[in-house]
Chemist: 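Got a structure here, written out as structure tokens. Questions coming.
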Amino acid sequence: MPMGHTATAQAGSGGLTATEHRLANGLRVVLSEDHLTPVAAVCLWYDVGSRHEVKGRTGLAHLFEHLMFQGSAQVKGNGHFELVQGAGGSLNGTTSFERTNYFETMPAHQLELALWLEADRMGSLLTALDEESMENQRDVVKNERRQRYDNVPYGTAFEKLTALAYPEGHPYHHTPIGSMADLDAATLEDARQFFRTYYAPNNAVLSVVGDIDPEQTLAWIEKYFGSIPSHDGKPAPRDGSLPDVMGGELREVVEEEVPARALMAAYRLPEDGTRASDAADVALTILGGGESSRIYNRLVRRDRTAVAAGFGLLRLAGAPSLGWLDVKTSGDVEVPVIETAIDEELARFAEEGPTAEEMERAQAQLEREWLDRLGTVAGRADELCRYAVLFGDPQLALTAVSRVLEVTAEEVQEVAKARLRPDNRAVLVYEPVAPAAGDAADETEEAAAAGADENEEAAK
């Protein structure tokens, strides 16, 4: 039977508790009771993301996320979606640099179904994985890349800026979507080997939060997951550490058909899970977190040189986090005008630090965001998994709010002075170009020759 312990409510946890358990096969289980509403959230994090991929096989972690919804030994085809939605639940999965997660929110009396479904695909996906499902989901992911990255304004910004911020060969140099060439190159055997390596119970954390009976829930987990064998062949992820500062600005200019000029920048910031990372979060909230922030006030309200401006933190645990700046210019304003204003605001902030009012407002904003997250069963289940997988301790999720509130103005000023500098950023500049003169005429002629299929026209 599973071994475990019960956690008492910690200071700063808002009275929330969680119990931790581990099955004999290595699966970590975190349970948190919440009887406010008759729902339960199931969240399963696998410790695998794009940082675990090798050159020539980028996008495999995200492709496999899709394959996990293609059926297993006892659930054929699209059955996972059909069974969950038919029971009144919702579900999805996502892939990041550092993990792949799967989650369901169910009426409480349907919890056993969600656990059985997750266990069936963890234990038996290879039974159903074949060339047909591989080709089907390869096409789905390639189409997702076209729709979300390649064929929308500024769509490749995240990919381009990440590649600038992390050097060639770094595990975070490429994004989870992967390249078209690598998606084409992935084989069925690649997918099977990927599953054998990473989709094992000892490489996963399962959290269940909501209107649950912990004893019954744990019995179901043991029943459905307990017989799945562990696997010990997982390679360690490559080292993602880098110097604190880039040592010089990196810049790329992109000329594309976009609505307006844009300035985007990524600053190298402390790794997630550190006090300095929390200080950086407060700093970026003051500088660019909403319409009351310094940069928004300067560029949008006062100077009217931009129509949108934001500055946020992309938290990463296995590599430096990124401070993500995104500004869309107003009218014919040139990017250097925007850059000068931003550098002035960052220099002033580093020199003077935040005011007491700014600290109070920013910490209240972050506190509200954290409480909103922990206040839903799905959000809490996800955070418990996150802290278990990335930091080894799910209980840290319950005290995250207090850690943000403990950050001092001096720490905020210190991280801004050390990191928010021109020599510690990758910069992406978008310059709009007009469509080629012959494009519209060529499309008209091709459509007439082909019979002007309505679906094709709608997709253009």
Side-chain angles (χ1 to χ4, degrees), residues 4-20 28 30-36 41 43 45 98-99 101 205 207-210 214 269-290 292-293 311-318 320-323 349 353-416 418-419:
H5 70 271
T6 301
T8 55
Q10 301 179 48
S13 70
L16 302 176
T17 62
T19 63
E20 302 172 53
R28 295 185 68 183
V30 187
L31 306 179
S32 180
E33 288 184 79
D34 184 344
H35 301 290
L36 189 62
C43 185
W45 272 46
E98 300 182 321
R99 59 96 185 107
N101 68 344
V205 173
S207 67
V208 184
V209 176
L269 292 173
E271 289 84 354
D272 193 14
T274 62
R275 191 176 174 98
S277 180
D278 290 331
D281 207 355
V282 175
L284 298 191
T285 302
I286 293 170
L287 288 164
S292 62
S293 64
F311 207 176
L313 181 64
L314 174 61
R315 288 179 175 266
L316 296 168
S321 301
L322 294 179
F349 189 72
T355 66
E357 182 184 356
E358 286 176 326
M359 284 292 296
E360 183 179 3
R361 185 168 60 240
Q363 288 175 311
Q365 180 176 331
L366 292 171
E367 180 183 25
R368 186 189 68 246
E369 291 172 1
W370 266 110
L371 293 177
D372 285 347
R373 186 89 173 123
L374 294 176
T376 67
V377 293
R380 197 185 320 157
D382 193 54
E383 291 299 335
L384 289 169
C385 278
R386 172 175 168 247
Y387 278 95
V389 169
L390 299 181
F391 307 108
D393 184 1
Q395 306 295 338
L396 291 171
L398 306 181
T399 54
V401 173
S402 61
R403 289 193 297 278
V404 170
L405 298 180
E406 289 168 0
V407 170
T408 67
E410 290 74 22
E411 289 172 308
V412 171
Q413 182 179 8
E414 180 183 353
V415 76
R419 303 293 193 103

Chemist: For Val401 and Glu367, work out which heavy atoms get closest and say how close.
Modeler: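 So the minimum-distance heavy-atom pair works out to CG1-CG, 3.6 Å.
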Chemist: Among residues at least two apart in sequence or on other chains, which ones pass side-chain contact (heavy atoms from CB on, under 4.5 Å) with Asp382?
Modeler: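 Partners of Asp382 under the side-chain contact (heavy atoms from CB on, under 4.5 Å) test: Cys43, Trp45, Asn101, Arg373.
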Chemist: Would you compute the distance between atom CD of Glu98 and atom CG of Asp272 and round it to the nearest 0.5 angstrom?
Modeler: 7.5 Å
Chemist: Residues two or more places apart in sequence or in another chain: which of them pass side-chain contact (heavy atoms from CB on, under 4.5 Å) with Glu33?
Modeler: His35, Ile212, Pro214
Chemist: Compare all side-chain heavy atoms of Asp281 with those of Val404 and state whether any distance is below 4.5 angstrom.
Modeler: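 They are not in side-chain contact.
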Chemist: With a 4.5 Å heavy-atom cut-off, do Val389 and Arg28 have their side chains touching?
Modeler: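 Counting from C-beta outward, Val389 and Arg28 never come under 4.5 Å.
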Chemist: How would you list all residue pairs meeting ring pair (Phe, Tyr, Trp, His ring centres under 6.0 Å) that involve residues 353-383, not counting sequence neighbours?
Modeler: none
Chemist: Name all residues meeting the side-chain contact (heavy atoms from CB on, under 4.5 Å) criterion together with Thr274; count only those two or more places apart in sequence or in a different chain, and write none if there are none.
Modeler: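 For Thr274, the residues satisfying side-chain contact (heavy atoms from CB on, under 4.5 Å) (neighbours in sequence not counted) are Pro270, Ala276, Ser277.
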Chemist: Got a sec, which residues hit side chain to side chain donor-acceptor pair (under 3.5 Å) with Arg99, two or more places apart in sequence or on another chain?
Modeler: Thr94
Chemist: Applying salt bridge (charged side-chain N to carboxylate O under 4.0 Å, His left out), can you list everything that pairs with Arg361, at least two apart in sequence or on another chain?
Modeler: Glu357
Chemist: For Ser207 versus Leu384, what's the shortest heavy-atom pair and its separation?
Modeler: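 The answer is CB-CB, 4.4 Å.
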Chemist: Excluding sequence neighbours, so at least two apart, what forms salt bridge (charged side-chain N to carboxylate O under 4.0 Å, His left out) with Glu271?
Modeler: none
Chemist: From Glu20 CD over to Leu31 CG, what is the distance, rounded to the nearest 0.5 angstrom?
Modeler: 10.0 Å
Chemist: If only atom types and distance count, is the side chain of Gln395 paired as donor or acceptor with the main-chain N or O of Ala18 below 3.5 Å?
Modeler: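 Side chain of Gln395 to backbone of Ala18: a pair is present.
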Chemist: Can you list the residues that meet the side chain to side chain donor-acceptor pair (under 3.5 Å) rule with Arg380, with sequence neighbours excluded?
Modeler: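 So Arg380 forms a side chain to side chain donor-acceptor pair (under 3.5 Å) with Ser32, Asp34.
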Chemist: Under the side-chain contact (heavy atoms from CB on, under 4.5 Å) test, which residues partner Glu369, sequence neighbours left out?
Modeler: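 If we apply the side-chain contact (heavy atoms from CB on, under 4.5 Å) test to Glu369, skipping adjacent residues, the hits are Gln365, Leu366.
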Chemist: Taking only residues two or more places apart in sequence, or in another chain, which ones meet Arg275 in a salt bridge (charged side-chain N to carboxylate O under 4.0 Å, His left out)?
Modeler: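 Arg275: salt bridge (charged side-chain N to carboxylate O under 4.0 Å, His left out) contacts with Glu406, Glu411.
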Chemist: How close do Ser321 and Leu313 get, counting heavy atoms only, and between which atoms?
Modeler: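 So the minimum-distance heavy-atom pair works out to CB-CD1, 3.9 Å.
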Chemist: Determine whether Tyr387 and Leu398 make a side-chain contact, defined as any pair of heavy atoms from C-beta on separated by less than 4.5 Å.
Modeler: no
